[in-house]
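Below is one structure, written out as structure tokens; the observations come after it.
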Amino acid sequence: MDLLLSTPIHRLPLTQKPNHTYDRHRLFNNPPHVRTTTAEKNAHLCVAHQLFDDIPIWDTFAWNNLIQTHLTSGDVGHVISTYQQMLSRGVRPDNHTLPRVICASRHYGDLQLGKQLHAQAFKLGLFSNLYVFTSLIELYGILDSADTARWLHDKSACRNAVSWTMLAKLYLMEDKPSFSIDLFYQMVELAADIDAVALATAIGACGARKLLQHGRNIHHVARIHGLEFDILVSNCLLKMYLDCGSIKDARGLFNRMPFRDIISWTDLIHFYVKNGGINEALKLFRQMNMDGELKPDPLTISSILPACGRITAHKHGREIHGYVLKNYFDDNLIVQNALVDMYVKSGCIQSALKIFSRMKEKDMVSWTVVISGYSLHGQGKLGVGLFREMDRNFSVHRDEITYTAVLQACSTASMVEEGDFYFNCITEPTMAHFVLKVALLGRAGRFNEARTFVDKHKLDKNLEILRALLDGCRKHHQQKLGKRIIEQLCDLEPLNAENYVLLSNWYASNEEWEMVEKLRKTIRDMGLRPKKAYSWMEFRNKIHAFGTGDVSHPRSQAIYWNLQCLMKKMEEDGFKRNTDFRFHDVDEERECALIGHSELLAISFGLISTEAGRTIRIAKNLRVCHSCHESAKFISNKVGREIIVKDPYVFHHFKDGRCSCEDFC
DNA sequence: TTAGGGTTAG
């Protein structure tokens, strides 16, 4: 790029009068309503260059326009060559030319060229121009380091809010948020102009490092400058408080905001969804829609859909799908992925597959969602098949989550050899992959291999690994090994009540009631509180929740009566309720076990509330116990309905007396 | 010239 230096700057005219009779805007710019394709743009550029050669004298404005056109189309090579031509024809660059060429050299990654431009800016007397100066700061910051940019910045007299903010952004890009915050404080000390973007950058830095106190200080500065309710600033403050986990500050600000835009609502909804506040998220989403001023956009939709999936709110999800179709968001890849995921998690794998098969473009997330969806629904073989299909498509990348999905699929289908193969494909397996490998061996009943693998990788103290082994013991009725693992869990994690529940259940299943009582006392004495089991069902746009032995539902009497009738029929048909609790983390009150478990109450409510033949969809926060699993199988056959129960690990499709999980519960 | 929000596991 030494050509740049070959044109002596001092020979360039200081000013240049326009000498054109053509319409310069029409030459390069279409009217706003005309959209051009890349091929058309290239054709236009060729014509532009031709005209360029025909016209003997061009002014800086026209050259800048051409440079801008190349820059907009991302053709940085042409920006630089056009600039060289400009210089060789004796046209003088101005304060609009240099920032564009500096920007191009930054994209080009050419620091030497940047330095030449820096020298030219000096010679042309343009270095103190704020646009030129800021673009040089950015160039040095990205191609060298933020410290170099800062050195240049500190030496210069022409600093303003933009250049300070640029510097702060450069430090953020280097993952040094505290430097960005220090810069902001310096700006305040030096009484520099504080604008909304400077505040937004500093607030973002606080959020990135969860520096709540700094965030509050900067909030105060925003208030002093009258910018607290600038929509950019207040949204950044909202995000910062959410990032710092201070929902109280966030809600306080949100409630005081005189104006909220779709980003304010989406941020808050997203926070609740991510942190398990599903009902609050759905409430906010409804409130926003009822206010009527703002309409959800694709980002809002992608934020709320996981909430529907999480609680199997299939109707809510379907309504949102309708909204997506009505508003033509259905060609947005991320929305499509979120829809597929929502249907998978709502128990409607067929609807998920329908969308997936119609997607014109699929990315890694689309494939991963469906592969893990198959496992969730007990169809591991199909999941492995889909991974193979994805594997044949070289344009789709795979990440650790994709491998998690395929290992899960292998484990569900007990495809040990395939699982081994895929595990060996992972260059840097994470703990999740190790856990899945152990689960795969355990579920296939290969306990010796599992033990060797655990010992080889020194995983015997890992809680997730032990729980994966315990799953295998559950399936293969490995009582002794199971008990040993539970005892290990209690030793390693003495404050987790669920471990004692497991142990208590083990003793209960062996009718060692003294030990059961002793463990219950231990749990009480230690002040531990085992998780309460809840099941819920969506009916007429409301979520109906049931706890163990719950009698609070308005239709409680009918629910229990129906359940008692069903249990009676079960006995009459010769079925014995199984009270095997061995490895289940659903203890609670055993006296409720016969009819009072939350999933059975929810199923009974579903049966008496919905019309005959309708599928019943239930979600549960804990594992379904063996006894309820057997009952649900019986009920599905007796009433001729499909009952879908989602627990934290898997979907159970009960139909005609069978379950899709093949009794892995 | 600087600037705020989204999907997959656990």
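Every chain is numbered from 1, with letters handed out A, B, ... down the list of sequences.
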Can you tell which of dA9(B), dG5(B), dT7(B) lies closest to the side chain of Val365(A)? dT7(B)

What is the separation between atom CD on Gln336(A) and atom C1' on dG6(B), rounded to the nearest whole Å? 14 Å

From C-beta outward on Ile263(A), which listed nucleotide comes closest to its side chain: dA3(B), dT7(B), dG5(B)? dG5(B)

Between dT1(B) and Thr134(A), counting only base atoms on the nucleotide and side-chain atoms on the residue, is there a donor-acceptor pair under 3.5 Å? yes

Mark yes or no for a side-chain to base donor-acceptor pair under 3.5 Å between Asn332(A) and dG6(B), with no hydrogen or angle criteria applied. yes

Donor + acceptor pair across side chains of Gln120(A), Tyr83(A) (<3.5 Å): yes

Check: dG5(B) base within 3.5 Å donor-acceptor of Asp261(A) side chain: no

Looking at Lys345(A), I'd like to know whether one of its side-chain N or O atoms comes within less than 4.0 Å of OP1 or OP2 on dA9(B). yes

Given dT1(B), dA3(B), dG5(B), which nucleotide is nearest the side-chain atoms of Tyr131(A)? dT1(B)

Cut-off 3.5 Å, side chains only: do Gln408(A) and Thr404(A) have a donor facing an acceptor? no

Atom NZ of Lys437(A) and atom P of dA9(B): how far apart are they, to the nearest Å? 23 Å

Which nucleotide sits closest to the side chain of Pro298(A): dA3(B), dT7(B), dG6(B)? dG6(B)

Ranking dA3(B), dA9(B), dG10(B) by distance to the side chain of Lys169(A), first place goes to dA3(B)

Given atom OH of Tyr422(A) and atom P of dA9(B), what is their separation to the nearest angstrom? 20 Å

Residue Thr300(A), side-chain heavy atoms: nucleotide from dG5(B), dT2(B), dT7(B) that is nearest: dG5(B)

Output the rounded distance in Å from CG (Leu237(A)) to P (dG5(B)). 13 Å

Would you call Glu138(A)-Arg106(A) a salt bridge at under 4.0 Å N-O? yes

Selected nucleotide, minimal atom distance to Leu299(A) side chain, candidates dT2(B), dG5(B), dT7(B): dG5(B)

Classify the nucleic acid contact of Leu305(A) as base, sugar-phosphate or nothing, counting any heavy atom under 4.0 Å across all strands shown. nothing

Between dA3(B), dG5(B), dT8(B), which nucleotide has the shortest distance from any of its atoms to the side chain of Asp267(A)? dG5(B)

Measure from CD1 on Ile355(A) to C1' on dT7(B) and round the result to the nearest Å. 13 Å

Geometric cation-pi criterion Lys176(A) and Phe179(A), 6.0 Å radius, 45° cone: yes

Would you indicate, yes or no, if dT8(B) has its OP1 or OP2 atom less than 4.0 angstrom from a side-chain nitrogen or oxygen of Lys362(A)? no

Pick base, sugar-phosphate or nothing for Ile262(A), based on heavy-atom distances below 4.0 Å to the nucleic acid. base

Using whole Å, report how far CD1 of Ile401(A) lies from P of dT8(B). 9 Å

When rounded to the nearest 0.5 Å, the distance separating CD1 of Ile80(A) from NE2 of His70(A) is 11.5 Å

Contact class for Ile301(A) vs. all strands (heavy atom < 4.0 Å): base, sugar-phosphate, or nothing? nothing

Nearest to side-chain heavy atoms of Val162(A), which nucleotide of dT7(B), dT1(B), dA9(B): dT1(B)

Leu339(A) has an atom CG; how far is it from atom P of dG6(B), in whole Å? 18 Å

Ignoring hydrogens and angles, does a donor from either the side chain of Ser303(A) or the base of dG6(B) sit under 3.5 Å from an acceptor on the other? no

Would you please confirm or rule out a distance under 4.0 Å between OP1 or OP2 of dG6(B) and any side-chain N or O of His270(A)? yes

Do the side-chain N and O atoms of Glu400(A) and His433(A) include a donor-acceptor pair separated by under 3.5 angstrom? no

Looking only at the side chains, is there a donor atom on one of Ser145(A) and Thr148(A) sitting less than 3.5 Å from an acceptor on the other? yes

Rounded distance (Å) that lies between atom C1' of dT2(B) and atom CG of Leu167(A): 11 Å

